[in-house]
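Below is one structure; the comments refer to it alone.
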There are 2 protein chains.
Amino acid sequence: MEKNDNTQERILSSARKVFMLKGMAGARMQDIADEAGINKAMLHYYFRSKEILFEMIFEQSLAQFFPRITGIIDAEIPFFEKIENFCGAYLAMLQQNPYLPLFVLNEVNQQPDYFKEKFWKNKDSLFLKFAELVDTEVTSGNIKPVKPAHLFINMISMCIFPFIGKPMFMMSSGMDELQFRYFIEQRKTEVAKFIIGSIKK
Amino acid sequence: MEKNDNTQERILSSARKVFMLKGMAGARMQDIADEAGINKAMLHYYFRSKEILFEMIFEQSLAQFFPRITGIIDAEIPFFEKIENFCGAYLAMLQQNPYLPLFVLNEVNQQPDYFKEKFWKNKDSLFLKFAELVDTEVTSGNIKPVKPAHLFINMISMCIFPFIGKPMFMMSSGMDELQFRYFIEQRKTEVAKFIIGSIKK
DNA sequence: GTCTATAACTCGATAGAC
DNA sequence: GTCTATCGAGTTATAGAC
């Protein structure tokens, strides 16, 4: 119980790194142990099994992946500003966690039922809140008539996909790391601008 | 050499199915054998190793993933129609191969250098052709001034991402398979409409 | 060409000393 | 708490009969 906290934290941090990069199927307990500077036995001492360790990481990744949007949605600001705020904030988070989307979506695709059963309980839907907001704006005549589902997916896609397709896009465009970073920096305003350009009256 | 072609085809077809769903790390030779209705030994008889079999599938998947766009890009039709055609055609292809994007992007992310070395040689860039086209339209004053890289990623994102995020989106929105199918059907025109709405003068 | 049996190896997990 | 050593299950790959 001496170095308990310290080691446990190091394991979680290492596990996070390895699982993010390799996924559940590709990750090796040995990799995690190496990354943490300990041996495999210790992993099992702190977390009984690979699956338990994985679930810890996955759960905390999910929480990050789903933005706490209530603040932005319910704010007393114009609709367009909400879009700007959301895209800016979400892109900034993804910049800090570039492997998050592929990791999460991969695991969800791998076992949708397990995910639904275990992690989807009582989760209030970001989508439904957004759709409600869009419908209000449409009926108020503030924006062009658009289908909320498409607008939602468009926005999410343009934020998330660049990180999923990053290596391939970098090859296609010839960008290096720095240029890509700048590219994302631009998107923090460009994505919202693009959306608003399409739906404003 | 009797059933050669037949069996070989069945193996490739089964391997494709399994690799698409599970990825290289998650796929098992046993699964592929079962799917093909043969035993593991036969897999190694036709394809010496799992890796060789995987590369066959991966290479043919890549060819599908990168649309042969020359026909659309070089066609003698207005720019907006090119966008409409591309989005419609690409979404239709993805509808037939819904697991293709996650599979390909996952494996590329897993080993970018290996991918670049082995599969990226002499590949003419879809992106560069598109960027050239956009620049022409902008300087001709046909569309608003937009950054080609952002426009390109926006278009690709909105086509591909719905398939990557499908299970999660279905949970969020409460859609069933049929509704999702209809949703994609709509996007074949909606995506282009959304883009054009944003860049037309 | 196709099968069964098994070798060779990887990896998660545990036993047991310290 | 931490380590070394090792077990046992699962997986790729091969040997050899038919």
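To find a chain, count down the sequence lines: A is the first, B the second, and so on, and within it residues start at 1.
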If I take atom [atom1] in residue [X] and atom [atom2] in nucleotide [N], what distance separates them, rounded to the nearest angstrom?
X: A:Gln8; N: D:dT2; atom1: CD; atom2: P; result: 11 Å
X: B:Leu43; N: D:dT11; atom1: CG; atom2: C1'; result: 13 Å
X: B:Tyr46; N: D:dT14; atom1: OH; atom2: C1'; result: 17 Å
X: A:Ile38; N: D:dT4; atom1: CD1; atom2: C1'; result: 15 Å
X: A:Asn39; N: D:dT4; atom1: CG; atom2: C1'; result: 8 Å

Return the set of residues passing side-chain contact (heavy atoms from CB on, under 4.5 Å) with B:Ser61 (not counting sequence neighbours), or none when no residue passes.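 Testing B:Ser61 for side-chain contact (heavy atoms from CB on, under 4.5 Å), a comparison that skips the adjacent residues, returns B:Arg16, B:Met20, B:Ile57, B:Leu100, B:Phe103, B:Val104.
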By side-chain contact (heavy atoms from CB on, under 4.5 Å), which residues pair with A:Lys188, not counting sequence neighbours?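 So A:Lys188 forms a side-chain contact (heavy atoms from CB on, under 4.5 Å) with A:Leu91, A:Ala92, A:Gln95, A:Glu185.
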For atom CD of B:Glu132, decide whether the heavy atoms of other residues, nucleotides or ligands shown that lie under 6.0 angstrom number more than 12.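 12 or below, so no.
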According to side chain to side chain donor-acceptor pair (under 3.5 Å), who are the partners of [X], at least two apart in sequence or on a separate chain?
X: A:Glu84; value: none
X: B:Asp74; value: none
X: B:Lys193; value: none

Reading nucleotides 11-18 of chain C from 5' to 3' and marking B where a protein heavy atom lies under 4.0 Å of the base, S where only the sugar-phosphate is that close, and - otherwise, the string is SBBB----
So, using ring pair (Phe, Tyr, Trp, His ring centres under 6.0 Å) as the criterion, who are the partners of B:Tyr99 when residues are at least two apart? none
Give me the residues of residues 13-26 of chain A where at least one heavy atom lies under 4.0 Å from an atom of DNA chain C, by number, or none.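 By residue number: none to list.
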Write out all pairs satisfying salt bridge (charged side-chain N to carboxylate O under 4.0 Å, His left out) with one or both partners inside residues 54-63 of chain B, taking only residues at least two apart or from two chains. B:Glu55-B:Lys118
